[in-house]
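Heads up: the structure comes next, in structure tokens.
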2 protein chains.
Amino acid sequence: MADELTPLDATQLGAYFALMDVAGLLRHAVEQQLRDVGDLSYVQFQLLARLGLNSPTGSERMTDLADAVVYSRSGLTYQAGLLEKAGLITRAPSAEDERGVTVSITEAGREVLGRVLPGHTEVVRGQLFTTLSQSDAGVLADLLSPVRDHMRSAPPRSARRR
Amino acid sequence: MADELTPLDATQLGAYFALMDVAGLLRHAVEQQLRDVGDLSYVQFQLLARLGLNSPTGSERMTDLADAVVYSRSGLTYQAGLLEKAGLITRAPSAEDERGVTVSITEAGREVLGRVLPGHTEVVRGQLFTTLSQSDAGVLADLLSPVRDHMRSAPPRSARRR
DNA sequence: TATTGTTATACTCTATAACTATA
DNA sequence: TATAGTTATAGAGTATAACAATA
């Protein structure tokens, strides 16, 4: 396709910047609440939420967590170290694969997650869903979920020219 | 009427997480390109873009830039220092208000901006507008622009807690 | 050999508080 | 007194590369 050199039009630019601005402001607001109430960064919250809400067992492998939440393995090791030191997760050698490490949320981790969630919800509602109706939320989710899938399947590596 | 204690429903949660995930992945992809091509961080790109594209004069005051782009004044001083050292902006005492500082983009700054923009566009199109149609982009912008306005209507970050 | 995860390290970014100067 | 901006500083987070252990 020859549109590689075509600039984004005004509508696309507007959508792009609105998306980035809203997400940035929202993350900033949410991070403050997480820090105040649970002494958590957003990444740490993501990790706890994934273990405590998304995973039926409360456990997941390091690599899967890294792929889902963080952009490098050493970054995850760092964050997991903090969470473990705080007693919110445990790390144990994986059963099937001796190289792997299984991360599990602890009771204390679930407690912190439960303590943080109501205020978190309140911030998100105040920032986002004061302006967006229920059907707006549905439209937004329907628009962005496929984008996320596309991004996760085709890494940004594709944008790097040789 | 949103109950303060009611958790977000599944649709709202989906919209929230999709928004945060997409913006995070997109920012990551875009930052890589900006770093590779122009040796710029995303914040630095925002500053240059605001001066070079949004402002007719190519100049703006520090406080206005801080409110628009960065979350603390010292953060902006740091970033402006880097950009100035790189020759991409200049800082000069403001004419009307001797306390103020006027930031202006230089020719070199415009050159870098111009050099970075095509690849930037390419990444955004590949990540975002491969999945979103033209009308999708319009819907997204229409949904999120009011959200941004609402978020920005809160007290500016530069005026907080002094 | 490839993959999992950790470590060592270096660097970027951000925020808070104290400070100077102008209004 | 209040505001604009800088500085000093400290802390959090991230990525890269080298490494050990297992597949």
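Throughout, a chain's letter reflects where its sequence line sits, starting with A, and its residues are numbered from 1. Since this is a predicted model, take the numbers as computed values, not measurements.
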Sugar-phosphate, base or nothing in reach of B:Ser94, heavy atoms under 4.0 Å: nothing

Sugar-phosphate only, base, or nothing, as touched by A:Tyr71 at under 4.0 Å among non-hydrogen atoms: sugar-phosphate

What's the closest nucleotide to the [X] side chain, out of [options]?
X: B:Glu98; options: C:dC13, C:dT7, C:dT22; value: C:dT22
X: A:Asp97; options: D:dG13, D:dT22, C:dA23; value: D:dT22
X: A:Val43; options: D:dT14, D:dG5, C:dT4; value: D:dT14
X: A:Arg91; options: D:dT22, C:dT12, C:dT6; value: C:dT6
X: B:Arg61; options: C:dT12, D:dG5, C:dT6; value: D:dG5
X: B:Val101; options: D:dT6, C:dT16, D:dT22; value: D:dT6

For atom NE2 of A:His28 and atom C1' of C:dT14, their distance in whole Å: 9 Å

Check: A:Ser74 side chain, D:dT16 base, donor-acceptor under 3.5 Å: yes

N/O donor-acceptor pair, side chain B:Thr63 with base D:dA4, under 3.5 angstrom: no

Between A:Asp9 and B:Gln134, a side-chain donor and acceptor under 3.5 Å: yes

